[in-house]
Number of protein chains: 2
Amino acid sequence: MRLVIAKCQVDYAGRLTAHLPLATRLIMVKADGSVLVHSDGGSYKPLNWMSPPCTLVVAEPDEEAAEAGVTAVWTVQNSKSDDRLVVSIHEVLHDADHDLGVDPGLVKDGVEAHLQKLLAEQVETFGVGWRLVRREYPTPIGPVDLLCRDDAGVAVAVEVKRRGEIDGVEQLTRYVELLNRDPHLSPVRGVFAAQEIKPQARTLATDRGITCVTVDYDALRGVDDPSTRLF
Amino acid sequence: MRLVIAKCQVDYAGRLTAHLPLATRLIMVKADGSVLVHSDGGSYKPLNWMSPPCTLVVAEPDEEAAEAGVTAVWTVQNSKSDDRLVVSIHEVLHDADHDLGVDPGLVKDGVEAHLQKLLAEQVETFGVGWRLVRREYPTPIGPVDLLCRDDAGVAVAVEVKRRGEIDGVEQLTRYVELLNRDPHLSPVRGVFAAQEIKPQARTLATDRGITCVTVDYDALRGVDDPSTRLF
DNA sequence: TTTTGTATCTCGTAG
DNA sequence: CTACGAGGTACAAAA
C-alpha cells in the first residue's frame with residue numbers, strides 16, 4: 001500500500017462527473033491498483049476513488065498544466081468500464097510504501113441472517129407448541145423468512161428483521177395475502193419479528209392483524225450451543 | 001490526519017459484532033476523531049471503522065493482553081450511540097501526522113435531478129410538438145417527474161431515472177393509473193426515460209403499454225447553455 | 001429537527 | 001454470470 005500526502009486536484013469521469021479543487025489530501029494506492037482520495041474528515045467514504053480492476057499511469061503534465069503548477073498527472077483507468085480518475089499532483093508532502101500482506105478478513109455476527117437462523121432453531125420463542133415448516137418458504141414474489149404452524153396448527157408467515165420498519169410490514173402483508181390463496185395453507189396469519197419495532201410499523205401491523213414480536217438477540221444466542229458461536 | 005501502519009487486532013461492538021484477526025493494516029485517524037482500518041485490497045470501504053462524533057482513548061493493555069503481545073489498546077467510543085471500536089496494537093511499523101486543512105469539497109454533476117431538469121427544458125427529446133405541463137406534478141402518492149402533452153395533446157406522465165430498473169416501471173404504473181382517474185387528464189400514457197434501461201424493466205414497461213426512451217445525457221447537456229454548466 | 005430517496009453505493013448470496 | 005436484498009449503509013434534499 002502506497003500512501004501519498006499531496007496538494008492535488010482530482011477529476012472523475014464515468015457514471016457521473018466530479019471535481020475536487022486544489023487542496024492537500026491523502027492518496028491511497030492499494031495493492032490491487034485501486035485508488036482512494038481522502039480528506040481529513042467526513043465518513044469512511046473517500047472524496048473520490050477508483051475501484052479495481054484498474055491501472056495507474058503516471059505522466060508528465062502538459063505545458064498548460066505545468067504552468068498552473070502541476071508536477072505530475074496520475075491517470076487511473078478502470079479496466080472494465082470507461083470510468084477514469086485523474087489526479088493532478090502539485091506538491092508531494094509524503095510518499096511511502098508499505099507491505100501489508102493479505103488480510104485474513106472480517107468475522108461478522110449479529111446480522112439478520114443469524115437472527116433468522118436462531119429463530120428457526122427456536123420457534124418456541126413465538127409460543128409453546130409452535131413448529132417450523134421451513135425457512136425461506138418460496139412464494140411467487142419471493143421467499144418468506146419462516147413458515148410455521150402454531151399450537152393450533154394454523155399456518156403463520158414470519159418476517160424477520162433486525163429493525164422492524166414500515167416496509168417490512170408491507171412485505172409481510174403481501175406474503176400473507178398470497179399464501180392465503182393457497183387452500184392447503186389458508187388461513188395464514190402473519191408475525192413480524194424484530195429486535196426493535198418502530199411505532200409506525202407496529203401500528204400498521206396491528207391494523208392489519210399482524211402480530212408483532214420483539215426479539216432479544218442475546219437471549220436467543222444465550223440458549224444456542226456455545227460451540228457454534230464465533231468467538 | 002494520523003496514519004499508522006501496525007500489526008493489530010480489531011473488535012467492533014455496536015449494531016453488530018465484528019472481529020479482525022491479527023494482521024498488518026493501515027489505521028487512519030481523522031481530525032474529527034473518526035478512525036478507519038484499511039487492508040491492502042477490497043474497495044473503498046474500510047474493514048472496520050468508527051464514524052464521528054467519537055473519541056479515541058489510548059490505554060495500556062491488561063496483563064493477559066500484554067502477554068499475548070499487545071503493546072497498546074485504542075478504544076474509539078461513539079459519542080451518540082454505544083458503538084465501540086477496540087484496536088489492539090501489537091507492533092507499530094509507521095506513525096506520522098499530517099495537517100491537511102479543511103477540504104473545499106466535491107462538485108458533482110450528472111445525477112438524476114440534472115437529467116430531469118435537462119429533459120424538462122428539452123421535452124422535444126420525446127417528440128416534435130411536445131410541451132411541458134409541469135415538473136414534479138403532484139399526485140396523492142407523490143410527484144410525477146414530468147407531466148407533458150404530446151403533439152396530439154394527449155397527457156403523458158414521464159418518469160426519469162439514471163438507470164431504468166423494474167421498480168421505476170412499477171412507480172410509473174401507479175402514477176399513470178392514478179392520473180387516469182382524473183377526467184381532466186385522462187387518457188394518460190406513460191414514458192419511462194433513462195440513460196440505460198434494463199431488459200427486465202423494458203419488458204415490463206412494454207407489457208404495460210409504457211414507452212421506453214433511452215436518453216443521451218451528453219447530447220442533452222451539449223445543447224444546454226454552457227454558462228449554466230459547473231465547469 | 002426527522003423523514004425520504006439516491007448512490008461512482010458496497011457486499012453478500014442465491015439461482 | 002446476473003439478480004436481489006441488506007447495510008454499523010452514507011449522503012443530501014425535502015418536509
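Labels below follow one simple rule: chain letters A, B, ... track the order of the sequence lines, proteins then strands, and each chain is numbered from 1.
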B:Thr211 side chain vs B:Val191 backbone, donor-acceptor pair below 3.5 Å: no
Could you work out, with ring-ring contact (aromatic ring centres under 6.0 Å, His included) as the rule, every residue matching A:Trp49, not counting sequence neighbours? B:Tyr44
Identify all side-chain donor-acceptor contacts of residues 27-39 of chain A below 3.5 Å with residues at least two apart in sequence or on another chain.
unit_1  : atom_1 : unit_2  : atom_2 : d
A:Lys30 : NZ     : B:His38 : ND1    : 3.0
A:Lys30 : NZ     : B:Ser39 : O      : 3.2
A:Lys30 : NZ     : B:Gly41 : O      : 2.8
A:Lys30 : NZ     : B:Ser43 : O      : 3.3
A:Asp32 : OD1    : A:Ser34 : N      : 3.1
A:Asp32 : OD1    : A:Ser34 : OG     : 2.7
A:His38 : ND1    : B:Lys30 : NZ     : 3.1

How many Å lie between [atom1] on [X] and [atom2] on [N], as a whole number?
{"X": "B:Asn78", "N": "D:dA10", "atom1": "CG", "atom2": "C1'", "answer": "14 Å"}
{"X": "A:Leu47", "N": "C:dC9", "atom1": "CG", "atom2": "C1'", "answer": "16 Å"}
{"X": "A:Lys117", "N": "D:dA6", "atom1": "NZ", "atom2": "C1'", "answer": "19 Å"}
{"X": "A:Lys161", "N": "D:dA6", "atom1": "NZ", "atom2": "P", "answer": "4 Å"}
{"X": "B:Leu106", "N": "D:dA10", "atom1": "CG", "atom2": "C1'", "answer": "13 Å"}
{"X": "A:Tyr12", "N": "C:dA7", "atom1": "OH", "atom2": "C1'", "answer": "11 Å"}
{"X": "B:Asp145", "N": "C:dT6", "atom1": "CG", "atom2": "C1'", "answer": "13 Å"}

Smallest heavy-atom separation, A:Ala157 atom then A:Leu179 atom, equals CB-CD1, 3.9 Å
Does B:Ser81 reach a base, just sugar-phosphate, or nothing at all? Heavy atoms under 4.0 Å. nothing
With sugar-phosphate meaning primed atoms plus P, OP1 and OP2, does B:Met50 contact a base, only sugar-phosphate, or nothing at under 4.0 Å between heavy atoms? base
Those residues at least two apart in sequence (or on a different chain) that pass salt bridge (Lys or Arg N to Asp or Glu O under 4.0 Å) with B:Arg84 are none
Between D:dA14 and C:dT8, how many Å separate the two C1' atoms, rounded to a whole number? 24 Å
For A:Asp182, check side chain to side chain donor-acceptor pair (under 3.5 Å) against everything at least two apart and list the hits. none
For DNA chain C, the residues among residues 24-38 of chain A that have a non-hydrogen atom under 4.0 Å from it: none
Taking for each residue the nucleotide of DNA chain C bearing the nearest heavy atom, is the 5' side occupied by A:Leu85 or by B:Lys80? B:Lys80
Note: A:Arg25-B:Asp103 ion pair, threshold 4.0 Å (strictly below): yes
Assess, by modelled atom type and distance only, whether the side chains of B:Tyr12 and B:Asp83 contain a donor and an acceptor separated by less than 3.5 Å. yes
Under 3.5 Å, N/O pairs linking protein and nucleotides 11-15 of chain C:
unit_1 : atom_1 : unit_2  : atom_2 : d
C:dC11 : OP1    : B:Ser43 : OG     : 2.5
C:dC11 : OP2    : B:Ser43 : OG     : 2.8

Do B:Val57 and B:Gln77 have side chains that get closer than 4.5 Å, going by heavy atoms? no
